[in-house]
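Quick notes on the structure that follows.
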Amino acid sequence: MCGRFAQYQSRDVYFDALGAADSDYVHDPEPIGRYNVAPGTHVLLLSERDGELKIDPVYWGYGPEWWDKPPLINARGETAASSRMFKPLWNHGRAVVFADGWFEWVKEEERKQPYFIYHKTHDPLFFAAIGKAPYNDPHGHEGFLIVTSASNKGMVDIHDRRPLVLKASAVREWLSGDTTLERAGEIAHDAALPESTFKWHPVSTKVNMPRHQGEELIEKI
């Protein structure tokens, strides 16, 4: 977790949910339209650069040149700040992924059934992320990772890990270069939305294949 998510609304919708002023971003009302975002693709990532909000297409995955395994896609929020590998990213590469929900697979009898998880009121979601900044300067497979946290009672039946979803009011402080390593840890702990915020339902197994896109992938079956 998290191995697949949806990012289909327009940039304007996400910025409006953040309460960003019109002068803070370039308007784009066109829907992003990605209902099945997979690792190894470039994803629109929000970060702060020179005190301003910036959006860049960034590779989802983190695999430095010395890393001889497939790029990592998640970082555990409980240990990332102290990890030798992730501490520099936590300190200098905090970012946010716009999302409308994510997918998890649950073993049911002889197959894995995908579920779509989303905000109860369909509000935009803001996944905490870390990566190799600056994001306007491509670093190959040194892209970004989605920060995850443990799933508590009520969601653990879907998966024991989930994205760390930040409250909209905490996003700017999370992104700020003035936010200390310790304060970022406090935000990750105190400003994450609880499990009771979310709903989920089963969806088509078409989502198993990243080439499938479209609104039908998030519809309840």
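- Residues I187 and L175 share a single hydrophobic cluster, defined by chaining ILVMFWY side chains whose heavy atoms lie under 4.5 Å apart.
- A donor-acceptor pair under 3.5 Å is absent between the side-chain atoms of D100 and the main chain of P124, judged by distance alone.
- One finds the CD atom of E48 at 6.5 Å from the CG atom of L53 (value rounded to the nearest 0.5 Å).
- When hydrophobic clusters are built by joining Ile, Leu, Val, Met, Phe, Trp and Tyr residues whose side-chain heavy atoms come closer than 4.5 Å, directly or via intermediates, L125 is grouped together with F144.
- Under the 4.5 Å side-chain heavy-atom criterion for ILVMFWY residues, a single connected hydrophobic cluster contains both L181 and V96.
- Interatomic distance, N208 CG to K112 NZ, rounded to the nearest 0.5 Å: 10.0 Å.
- Taking each heavy atom of A168 and F126 in turn, the nearest pair found is CB-CE1, 3.9 Å.
- Less than 6.0 angstrom separates the ring centroid of W174 from the ring centroid of W90.
- Of the possible donor and acceptor atoms, one in the side chain of R4 sits under 3.5 Å from a partner among the backbone N and O of V207.
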Worked check of side chain to side chain contact (heavy atoms under 4.5 Å, CB included) between Y62 and E142: CA-CA 4 Å; Y62 185 73; E142 291 183 279; 3.6 Å; yes

Please lay out, stage by stage, how L45 and V97 fare under the test side chain to side chain contact (heavy atoms under 4.5 Å, CB included). CA-CA 5 Å; L45 191 70; V97 179; 3.5 Å; yes

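- A perpendicular orientation is assigned to the rings of H42 and Y59, their planes being inclined by more than 60° (bins at 30° and 60°).
- Residues I55 and V13 do not share a hydrophobic cluster, clusters being chains of Ile/Leu/Val/Met/Phe/Trp/Tyr side chains in contact below 4.5 Å.
- V147 and I73 fall into different hydrophobic clusters, where Ile, Leu, Val, Met, Phe, Trp and Tyr side chains are chained together by heavy-atom contacts under 4.5 Å.
- Between the side chain of E104 and the backbone N or O of Q113, no donor-acceptor pair lies under 3.5 Å.
- Residues L18 and L46 come closest through the heavy atom pair CD1-CD2, 3.8 Å.
- Looking at K132, its side chain never comes within 3.5 Å of a backbone N or O of H141 through a donor-acceptor pair.
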Taking it one step at a time, do R111 and E109 satisfy salt bridge (charged side-chain N to carboxylate O under 4.0 Å, His left out)? CA-CA 6 Å; R111 67 168 190 161; E109 297 179 351; over 6 Å; no

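- Annotation for S10 and P29: closest pair CB-O, 3.3 Å, computed over non-hydrogen atoms.
- By the neighbour-count criterion of 12 heavy atoms within 6.0 Å, atom CG of D178 is sparsely surrounded, having that number or fewer from other residues, nucleotides or ligands.
- The local environment of CG in D190 is crowded, with over 12 non-hydrogen atoms from other residues, nucleotides or ligands closer than 6.0 Å.
- Proximity of a side-chain donor or acceptor of N36 to a complementary backbone N or O of M209 within less than 3.5 Å is detected.
- With sequence neighbours excluded, the residues satisfying side chain to side chain donor-acceptor pair (under 3.5 Å) with R183 are E173, E186.
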Audit row: Y14, Q7, side chain to side chain contact (heavy atoms under 4.5 Å, CB included) steps and yes/no: CA-CA 10 Å; Y14 302 123; Q7 187 188 72; 3.9 Å; yes

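- Proximity of a side-chain donor or acceptor of D12 to a complementary backbone N or O of H27 within less than 3.5 Å is not detected.
- The OG atom of S47 lies 11.5 Å from the CZ atom of R94; values are rounded to the nearest 0.5 Å.
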Evaluate side chain to side chain contact (heavy atoms under 4.5 Å, CB included) for D22 paired with F15, printing each intermediate quantity in order. CA-CA 9 Å; D22 288 351; F15 276 118; over 6 Å; no

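- Under the 3.5 Å distance criterion, with hydrogens and angles disregarded, a donor-acceptor pair is assigned to the side chains of D123 and T121.
- How far OH of Y115 is from CH2 of W105: 13.0 Å, rounded to the nearest 0.5 Å.
- In this structure, the ring pair (Phe, Tyr, Trp, His ring centres under 6.0 Å) partners of Y118, at least two apart in sequence or on a different chain, are F116, H122, H201.
- Surrounding CD of E108 are more than 12 heavy atoms belonging to other residues, nucleotides or ligands, all under 6.0 Å away.
- Taken to the nearest 0.5 Å, the CG atom of N91 stands 10.5 Å off from the OG1 atom of T179.
- Each of F103, W60, Y35 was compared with F5 under the ring pair (Phe, Tyr, Trp, His ring centres under 6.0 Å) criterion, and only W60 meets it.
- Shortest non-hydrogen contact noted between L164 and A192 is CD2-CB, 3.8 Å.
- Closest non-hydrogen pair, L89 versus M85, comes out as CG-O, 4.2 Å.
- Put simply, the side chain of H119 does not reach to within 4.5 Å of the side chain of V165, judged on heavy atoms.
- The two atoms that bring S149 and P163 nearest to each other are OG-O, 4.2 Å, heavy atoms only.
- Note that the OG atom of S83 and the CD1 atom of I130 stand 8.0 Å from one another [nearest 0.5 Å].
- Formation of a donor-acceptor pair under 3.5 Å by the R161 side chain with backbone atoms of T148 is found in this model.
- Ring pair F127/W102 is perpendicular by interplanar angle, where above 60° counts as perpendicular and below 30° as parallel.
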